Amino acid sequence: MNALLPLLSLLSLLFGTDEASLVFAGDAMQHQAQLDAARRPDGRWDYSECFADVAPWFRSADLAVVNLETPIGPAPHSGYPSFNAPDTYLRALRDAGFRLFLTANNHTLDRRDKGLRHTLDALDSIGASHLGTYRNAAERTRLMPHIRTVGGIRIGFLNYTYGTNGIEPRDGAIVDYIDRTLMAADIDAARAAGAEIICACVHWGDEYRPLPNHAQRGLADWLQSRGVELIIGAHPHVVQPMEMRTNPDGSHCLVVYSLGNFISNMRTRDTRGGAVVSVGLSRHADGRVRIDGASWRLHFTEPASSGRNFRVVDAYRSADPRAAAFRKATTELLHRHNIGVPEDSSSHTDIQPRKTIGNKIIF
């Protein structure tokens, strides 16, 4: 890649600076109460109401990414502890603007290898990209490294999980587990294939803990030392802090320990909502792609009531008093512990996001 930098720099001067806006959301859960609320008398499943309020956040980004924390498959459908959601749930997430689905998480084998493959079939059927699980080893070899060109920038995406609730693949399916040997090989392969930025999405940490544990911090340090620029975490079901780190060469590495729940029926104060983080990338005059900045905003899941489905809404727009409690606690946590990742300045007043312009963050 070093040999290409002068050419990339020249192209940047001639044709303008490449830019990309990325948006990441947390855990898309599907508990039994969500299934019950989506079920219609004619047997259909309707999720059209769930994401309407926040869909502009994701549709306006160059790429929106979400952690799909449920298998997708045929009936019987079920919530915790063995998830299985209908494919209309997947379509609703796609229609909300998500284009990359992360599938390496502790629930991906809830319906064993068959459920894993059903999920990939459903994703493929709607043209959605996915990462982290594979039907077999040959498919992983064919699909990895996963590199997408976004706004003229080549981004390598990786996805790993700490485990799968004690269930192991038994029929040849592949789950990408956290393994430093595997991860190092994937990082090297992504760079060799031309990735200018690498994003590692990791399912890790302790559930319901507001601060990252020692293992999370250690793995983040290691990933940064291997040259990974974006480290996005999931699994704790609560929001954890974010850090914009500076590398020795002056470039940046963004670490987001946990975005919390995107949608769920979890009912403690800190699990009723989550954070969305937006990231701006651009090609600089030297031809290198760098992180220009990141910001966050909060959303809240209003539970179903009076025939109304679950709805993900701006945490500042909800009239539910539980939204205010979630917002207060999470805002205080992030203001206290974040390093270099500010709250989106428009989140208090404007639900409509703005596209990245120049080096400015979207929203």
Side-chain angles (χ1 to χ4, degrees), residues 1 19-26 63 65 67 102 150 153-160 162 178 180 183-184 186-188 190-191 195-206 209-236 238-260 274-284 286-297 330-345 356 359-363:
M1 279 300 294
E19 297 175 342
S21 59
L22 309 180
V23 178
F24 297 87
L63 180 67
V65 184
N67 175 47
L102 309 174
V150 184
I153 295 170
R154 289 175 60 80
I155 307 172
F157 287 93
L158 312 172
N159 181 211
Y160 308 94
Y162 74 92
I178 294 171
R180 294 193 183 191
M183 297 165 85
D186 287 345
I187 293 166
D188 291 344
R191 290 293 186 201
E196 301 174 277
I197 289 283
I198 293 181
C199 174
C201 301
V202 192
H203 212 72
W204 59 1
D206 297 322
R209 297 293 181 88
L211 296 177
N213 62 27
H214 179 74
Q216 285 171 277
R217 293 186 181 278
L219 185 56
D221 291 346
W222 180 83
L223 287 166
Q224 181 184 10
S225 75
R226 299 289 307 191
V228 174
E229 291 92 349
L230 298 172
I231 303 167
I232 309 295
H235 176 62
V238 297
V239 177
Q240 292 182 338
M242 310 166 188
E243 302 171 357
M244 186 67 78
R245 301 178 175 188
T246 302
N247 294 315
D249 66 356
S251 63
H252 291 103
C253 170
L254 173 65
V255 181
V256 177
Y257 286 107
S258 173
L259 289 170
V276 167
V277 67
S278 62
V279 184
L281 308 174
S282 72
R283 189 180 308 284
H284 287 217
D286 61 1
R288 291 188 59 186
V289 175
R290 296 176 184 264
I291 300 172
D292 290 320
S295 64
W296 56 270
R297 65 188 305 161
T330 305
T331 298
E332 289 177 354
L333 173 81
L334 296 181
H335 283 176
R336 184 182 308 119
H337 293 284
N338 272 18
I339 300 172
V341 185
E343 184 175 9
D344 163 46
S345 60
T356 304
N359 293 336
K360 302 297 184 182
I361 286 296
I362 63 172
F363 286 174

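Just so it is clear, the structure is predicted and the values come from calculations on it, not from any experiment. Just so it is clear, the values below take in all heavy atoms, side chains as well, and ignore hydrogens, waters and symmetry mates.
Heavy-atom minimum distance, Val23 versus Ser278: CG2-CB, 4.2 Å. Taking both residues in full, the closest heavy atoms of Tyr160 and Leu158 are given as CE1-CB, 3.5 Å, listed atom of the first, atom of the second, then distance. Of all heavy-atom pairs between Ser258 and Val238, the closest is OG-O, 2.7 Å. Summarising the geometry of Ala184 relative to Trp222, their closest heavy-atom pair is N-CH2, 3.8 Å, with the distance given to 0.1 Å. Looking at every heavy atom in both residues, Ile231 comes nearest to Gln224 through CD1-N, 4.2 Å. The two atoms that bring Phe24 and Cys201 nearest to each other are CE2-SG, 4.5 Å, heavy atoms only.
Using a 4.5 Å heavy-atom threshold, the side chains of Asn159 and Asn67 count as separate. Looking only at side-chain heavy atoms (C-beta outward), Leu281 and Val150 stay at 4.5 Å or farther from each other. Taking 4.5 Å as the limit, every side-chain heavy atom of Leu334 sits out of range of all side-chain heavy atoms of Glu343. In this structure, the side chains of Arg290 and Ser251 come closer than 4.5 Å at one or more pairs of heavy atoms. Using a 4.5 Å heavy-atom cutoff, the side chains of Asn338 and Trp296 are in contact. Side-chain contact between Leu211 and Pro241: present, with at least one pair of heavy atoms (C-beta onward) separated by less than 4.5 Å.
Put simply, CD on Gln240 and CG on Leu333 are 8.5 Å apart, with the number rounded to the nearest 0.5 Å. Atom CG of Leu63 sits about 5.0 Å away from atom CZ of Phe157, to the nearest 0.5 Å.
Not counting sequence neighbours, the partners of Val256 by the side-chain contact (heavy atoms from CB on, under 4.5 Å) test are Ile232, Met242, Leu254, Leu259, Val277. Residues satisfying the salt bridge (charged side-chain N to carboxylate O under 4.0 Å, His left out) criterion with Arg180, sequence neighbours excluded, are absent altogether. For Ala215, the side-chain contact (heavy atoms from CB on, under 4.5 Å) partners two or more places apart in sequence, or in a different chain, are Asn213. A search for side-chain contact (heavy atoms from CB on, under 4.5 Å) contacts involving Ala190 returns Pro145, Ala195, Ile198, not counting sequence neighbours. Scanning for ring-ring contact (aromatic ring centres under 6.0 Å, His included) contacts around His337 gives an empty result, with sequence neighbours left out.
Remark: the backbone N or O of Ser295 is not paired with any side-chain donor or acceptor of Asp344 at under 3.5 angstrom. A donor-acceptor contact shorter than 3.5 Å is absent between the side chain of Asn247 and the backbone of Asp249. No donor-acceptor distance shorter than 3.5 angstrom exists from the side chain of Glu243 to the backbone of Val255, with no hydrogens or angles considered.
Between Tyr162 and His203, the two ring planes are parallel [angle under 30°; tilted spans 30° to 60°].
Side-chain polar atoms of Asp292 and His284 form a donor-acceptor pair below 3.5 angstrom.
Heavy-atom neighbours of Arg245 CZ from other residues, nucleotides or ligands within 6.0 Å: above the threshold of 12.
Legend: salt bridge (Lys or Arg N to Asp or Glu O under 4.0 Å) pairs involving residues 226-236, not counting sequence neighbours, sorted by first then second residue: Asp188-Arg226, Arg191-Glu229.
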